[in-house]
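Computed from heavy atoms alone, side chains included, the values below leave out hydrogens, waters and symmetry copies. Residue numbers start from 1 in every chain, and the chains themselves are labelled A, B, ... in the order their sequence lines are given, proteins ahead of strands. Values in this document were obtained by computation on a predicted structure and should not be read as measured data.
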There are 2 protein chains.
Amino acid sequence: MSLPERTVERLSEYRRSLLQCLEEGKTHIFSHELAELHHNTAVQVRRDIMFIGYTSMQRKGYDVRELIDVIGDILDSEKGLNVAVVGIGNLGRAVTTYFVGKRSKLNIIATFDVETTKIDRVISGVKCYPLSRLKEVVASHQISIAIVTVPADSAAEVSSQLVEAGIKGVLNFTTVPLDVTKDVYLDEYDMITSLEKVAYFVKTSRS
Amino acid sequence: MSLPERTVERLSEYRRSLLQCLEEGKTHIFSHELAELHHNTAVQVRRDIMFIGYTSMQRKGYDVRELIDVIGDILDSEKGLNVAVVGIGNLGRAVTTYFVGKRSKLNIIATFDVETTKIDRVISGVKCYPLSRLKEVVASHQISIAIVTVPADSAAEVSSQLVEAGIKGVLNFTTVPLDVTKDVYLDEYDMITSLEKVAYFVKTSRS
DNA sequence: AAAATATTGTTAATTTAATCACAGTTTCAG
DNA sequence: CTGAAACTGTGATTAAATTAACAATATTTT
Ligand SMILES: NC(=O)c1ccc[n+]([C@@H]2O[C@H](COP(=O)([O-])OP(=O)(O)OC[C@H]3O[C@@H](n4cnc5c(N)ncnc54)[C@H](O)[C@@H]3O)[C@@H](O)[C@H]2O)c1
Ligand SMILES: NC(=O)c1ccc[n+]([C@@H]2O[C@H](COP(=O)([O-])OP(=O)(O)OC[C@H]3O[C@@H](n4cnc5c(N)ncnc54)[C@H](O)[C@@H]3O)[C@@H](O)[C@H]2O)c1
């Protein structure tokens, strides 16, 4: 019933490029053009689009606006989903600032921290609550997704509180793998790993 | 000659857990323990370790310290590699602060920006240079890796300047896919995509 | 010291993802 | 109107990654 993870990722990426095209006044795009933008192949693009059941006007390429809408039908929730950022340090602030106001079905509507100096502060219009109020605020604001940017040694504890509070999706930027119940979708991004990977391939290409 | 990307990633992640184990005084670890920490299987762990040609003392698990060293031999460059952060806005500052001082073979030794107010500022001991001096500084400091955190609309331009300057690895945090020559290793991380993916799977698990 | 147990290393099987190859359209040039 | 060119959509194929299965080995138990 649900699409392969990699396809979901690529669709999200395609959409961003398509929105860019729209701004530039481009109304149609060929599979090989999208492919080139995204470092993959025309077949891959067509296959991804096939997955979502969209078919283009033959020979003219894909209608940019239509494709954006179709991807939206797949990826977005009709009413949008509410998101919280947990841990308002350097990264948490950057993320919050960045996401707020992005046209999107994902609304950051609360942040959480434990440090008293941060509580009640407003970042880009979003208020910071004490972590102790997590469950209550998640429920009252119908928050379903959490972005975790707390220090590594608080991560496990925070993670279980999130599950407890009824969060359904977690994006973890901490460098420790979290543990959630399996009704919660977890995506982990580890920046150190990315950088070490780049370093590895730089190293091996040298020799 | 070089390992699969996913294996490299996992090795980097294993190492982090292993360092943690060491701190906790744990000297040996079983494949299934590592697997559990990293949401994968014991076979997967053993296979990854097989790739790097390490074999444990049978029946006792892997020697934590040895395994850390062996992973280091694979991932790290003997002398370390120098890294620059390009674009010292919210994200660039967070990343710089975070990485500096991490014991590691990856040293952030310069940052770059175009805004005059940021130039010559020092963040966590790292100086900010004007982008116009990129080529010169990259050469003089032997910088081989760049982390890109400039605004989306400058990304393409900056990317070609990086290639021109002789950078060999790029970690792109921008939401536009970059284009580099194929002697340059490129890793792109798109935070919006991650979040949209989480949202998609939250949505589909609902229905 | 034999049997039972726990764990690794690896071959083989399976699953998943990507690519090839090509028929089917539409457009265009002559 | 005909044939060549340019794309798409997809069945078939190949490649890559993961998982299953199990022999080999060390340890513990009896
Ligand atoms: N800064 C980066 O660029 C970067 C890069 C990679 C990974 N990370 C990871 O992101 C996390 C945060 O990094 P940072 O640089 O923003 O750190 P930071 O110290 O600046 O921020 C951490 C914030 O979390 C708050 N906090 C602590 N315990 C908490 C709890 N139990 N509940 C809620 N909030 C709590 C702190 O008060 C602080 O505001 C770390 O785990 C780090 O490993 C950061
Ligand atoms: N902040 C986040 O959490 C976040 C999340 C996802 C993606 N990103 C991406 O990261 C990038 C930066 O985000 P940010 O929030 O830090 O933005 P920002 O505006 O705070 O910072 C951008 C910095 O880049 C500098 N800059 C502009 N043009 C430059 C150039 N040509 N060369 C060098 N420096 C230049 C600016 O002076 C500024 O200091 C954006 O592309 C954004 O899409 C950020």
Side-chain angles (χ1 to χ4, degrees), chain A residues 1-14 17-18 21 26-68 70-71 74 177 182 188 193 197 200-201 204, chain B residues 1-14 18 21 26-68 70-71 74 177 188 193 197 200-201 204:
Chain A
M1 201 256 106
S2 84
L3 276 48
E5 249 181 67
R6 290 292 293 115
T7 296
V8 173
E9 289 180 13
R10 284 189 298 257
L11 288 172
S12 161
E13 285 158 13
Y14 298 158
S17 296
L18 291 168
C21 287
K26 196 170 163 67
T27 63
H28 290 78
I29 192 166
F30 297 125
S31 57
H32 67 261
E33 292 177 300
L34 257 181
E36 189 173 21
L37 287 170
H38 293 275
H39 315 307
N40 66 169
T41 67
V43 193
Q44 180 75 76
V45 169
R46 295 205 297 275
R47 174 82 52 189
D48 287 333
I49 290 174
M50 199 182 119
F51 264 118
I52 61 176
Y54 177 69
T55 74
S56 73
M57 199 101 80
Q58 281 272 14
R59 201 25 249 255
K60 273 225 163 75
Y62 299 94
D63 182 296
V64 172
R65 192 183 300 272
E66 270 179 35
L67 189 47
I68 290 170
V70 178
I71 294 177
I74 300 289
K182 76 170 175 312
E188 318 220 34
T193 289
K197 184 173 67 164
Y200 170 79
F201 285 107
T204 56
Chain B
M1 202 256 104
S2 83
L3 274 49
E5 257 183 64
R6 290 294 293 114
T7 296
V8 173
E9 288 179 14
R10 283 190 298 258
L11 288 171
S12 161
E13 285 158 12
Y14 298 159
L18 292 167
C21 288
K26 196 170 163 66
T27 62
H28 290 78
I29 192 167
F30 296 126
S31 56
H32 66 262
E33 291 177 300
L34 257 181
E36 189 174 20
L37 287 170
H38 292 275
H39 315 307
N40 65 170
T41 65
V43 193
Q44 180 75 77
V45 169
R46 295 206 299 274
R47 176 145 313 258
D48 288 334
I49 289 173
M50 199 182 119
F51 263 119
I52 61 176
Y54 177 70
T55 74
S56 73
M57 200 99 80
Q58 281 272 16
R59 204 23 251 252
K60 274 225 165 75
Y62 299 95
D63 183 295
V64 172
R65 191 184 301 272
E66 270 179 36
L67 189 47
I68 289 170
V70 178
I71 294 177
I74 299 288
E188 320 220 35
T193 290
K197 186 173 65 163
Y200 170 79
F201 285 107
T204 55

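The salt bridge (charged side-chain N to carboxylate O under 4.0 Å, His left out) contacts involving residues 30-45 of chain B comprise B/K26-B/E33, where partners must be two or more places apart or lie in separate chains.
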List, one per line, each side-chain donor-acceptor pair under 3.5 Å for residues 41-53 of chain B, sequence neighbours excluded.
from, atom 1, to, atom 2, distance (Å)
B/T41, OG1, B/Q44, N, 3.1
B/R46, NH1, B/S31, OG, 3.4
B/D48, OD1, B/T7, OG1, 3.4
B/D48, OD1, B/R10, NH2, 3.1
B/D48, OD2, B/R10, NE, 2.7
B/D48, OD2, B/Y14, OH, 2.7

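Regarding B/E9, its CD atom lies at a distance of 15 Å from the C1' atom of D/dT18, rounded to whole Å. What separates CD of A/Q44 from P of D/dA16 is a distance of 14 Å, to the nearest Å. Put simply, CD on A/E5 is 12 Å from P on D/dT18, counting in whole angstrom units. D/dA16 atom C1' lies 12 Å from atom CZ of B/R10, rounded to whole Å.
Scored by the ring-ring contact (aromatic ring centres under 6.0 Å, His included) test, B/Y54 finds no partners at all (sequence neighbours excluded). Here A/R65 pairs with nothing under the salt bridge (Lys or Arg N to Asp or Glu O under 4.0 Å) rule; sequence neighbours left out. Qualifying ring-ring contact (aromatic ring centres under 6.0 Å, His included) partners for A/H32, counting only residues two or more places apart in sequence or in other chains: A/F30. Qualifying salt bridge (Lys or Arg N to Asp or Glu O under 4.0 Å) partners for A/E5, counting only residues two or more places apart in sequence or in other chains: B/K197. Qualifying salt bridge (Lys or Arg N to Asp or Glu O under 4.0 Å) partners for B/K60, counting only residues two or more places apart in sequence or in other chains: none.
A/Y200 has its side chain within reach of B/L3: a pair of non-hydrogen atoms, C-beta onward, lies under 4.5 Å apart.
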Do any N or O atoms of the protein come closer than 3.5 Å to N or O atoms of nucleotides 5-10 of chain D, and which pairs are they?
from, atom 1, to, atom 2, distance (Å)
D/dA6, O4', A/R59, NH1, 3.0
D/dT8, OP1, A/S31, N, 2.9
D/dT8, OP2, A/S31, OG, 2.4
D/dT8, O4', A/Q58, OE1, 3.3
D/dT8, O3', A/S56, OG, 3.3
D/dG9, OP1, A/S56, N, 2.8
D/dG9, OP2, A/Y62, OH, 2.7
D/dG9, N7, A/R46, NE, 2.7
D/dG9, O6, A/R46, NH2, 2.8

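Extent of DNA chain C lying under 4.0 Å from chain A heavy atoms, first and last nucleotide in 5' to 3' order, is C/dA18 to C/dT27.
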